[in-house]
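See below for the structure under consideration.
What you see is a predicted model; the values in this text were computed from it and never measured. By convention in this document, chain letters (A, B, ...) are assigned in the order of the sequence lines, proteins followed by strands, and residues within each chain are numbered from 1. All heavy atoms count here, side chains included; hydrogens, waters and symmetry mates do not.
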Protein chains: 2
Amino acid sequence: MKCVGHHDLVEYDAFLAACPSRQLLDRISGKWVTLALCALDDGPQRYSELARRVDGVSQKMLTQTLRSLERDGLLTRTVTPTVPVTVTYELTDLGRSLQGTVAALRAWAQDHMDQVAGHRQEFDLRT
Amino acid sequence: MKCVGHHDLVEYDAFLAACPSRQLLDRISGKWVTLALCALDDGPQRYSELARRVDGVSQKMLTQTLRSLERDGLLTRTVTPTVPVTVTYELTDLGRSLQGTVAALRAWAQDHMDQVAGHRQEFDLRT
DNA sequence: CGGAATCCTGCCTGATACTG
DNA sequence: CAGTATCAGGCAGGATTCCG
């Protein structure tokens, strides 16, 4: 389903619950997607490398996240038939087009942590 | 807990599960936060206006989202004692500093929906 | 090594009803 | 109008086991 806009232009609107871009927004917003894409900014990496960098992620969630990103065309999954097998993940051009935004999200969280913590204290005292 | 980096500088790293910035990243990544902040970019708005714009959000989640954003200092909540009561939400400077990033996230979802849909079809055929 | 499959728990989320 | 309270379901997410 597409959402018809002005001038007969067909467009998407994530504000609308039924619009596919809403579900896509749901998929790409989430810490695991953000951290996985951030980690892959350093170049192609193996599964175990990603698991180590994205601290605290379970095998299940990492696999699930990477699979959905592969399905959506944001990264490629390359299997090298060594023994044991080597699996490499790499951002595609599409993935790189989103990388800057999720990196900004992560940077914001890190850069404004102190400010947010201050507001929280103040808020909790007022109530 | 802060994460000690080079040169005795204290910094945060969202890659680390125990770092506060990880939890902050978790809070600000999510469709409801994204859509709420996007909606508030048009200026101060009332609760009912936000509920209408952010289609599909339940009262519970909207209230919960706005409350956490208020607590974190990203927006202000102003109660005007009319009858019935009027409640207005407005972005703070801190909230505005994040607004661009979440807007980019929403824009990406809308702008790349077709590409992603194509990749999905191809992926599903290959498997 | 890089998963897949299974089970299980919790909390996220939505629906409903009620209130100042 | 702008919530709060409560209940109930589903799925995110962890732990464990097994496989190529």
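Between the CH2 atom of B:W32 and the C1' atom of D:dA12 there is a distance of 16 Å, rounded to whole Å. Computed from coordinates, the A:K31 NZ to C:dC12 P distance equals 10 Å when rounded to whole Å. Here C:dG2 presents its P atom at 9 Å from CG of A:L50, a figure rounded to the nearest Å. Put simply, CD on B:Q23 is 14 Å from P on C:dC11, counting in whole angstrom units. Here D:dG13 presents its C1' atom at 13 Å from CZ of B:R22, a figure rounded to the nearest Å.
Contact annotation: A:Y47 side-chain N/O to C:dA4 OP1/OP2 distance is not under 4.0 Å. Side-chain N/O atoms of B:Y89 include one lying less than 4.0 angstrom from OP1 or OP2 on D:dG3. In this model, the phosphate group of D:dA2 is approached by a side-chain N or O of B:R46 to a distance below 4.0 Å at OP1 or OP2.
Nearest heavy-atom pair, A:T34 versus A:V102, reported as atom, atom and distance to 0.1 Å: CG2-O, 3.6 Å.
A salt bridge links A:D42 with A:R53: the closest approach of a Lys/Arg side-chain nitrogen to an acidic carboxylate oxygen falls below 4.0 angstrom. For the pair A:D41 and A:R96, the salt-bridge criterion is not met [side-chain N within less than 4.0 Å of a carboxylate O]. The pair B:R22-B:D13 fails the salt-bridge criterion, with no side-chain N (NZ, NE, NH1 or NH2) lying under 4.0 Å from an Asp/Glu carboxylate O.
Side-chain N/O atoms of B:S97 and A:W108 include a donor and acceptor closer than 3.5 Å.
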Query raised in the report: Given B:R106 and B:Q110, is the side-chain hydrogen bond (donor to acceptor under 3.5 Å, both in side chains) satisfied, shown in steps?
Result: CA-CA 6 Å; B:R106 176 189 164 222; B:Q110 296 175 172; 3.0 Å; yes
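If you check residues 58-87 of chain A against DNA chain C, the residues with a heavy atom closer than 4.0 Å are A:Q59, A:K60, A:T63, A:R67, A:R77, A:P84, A:V85, A:V87, listed by number.
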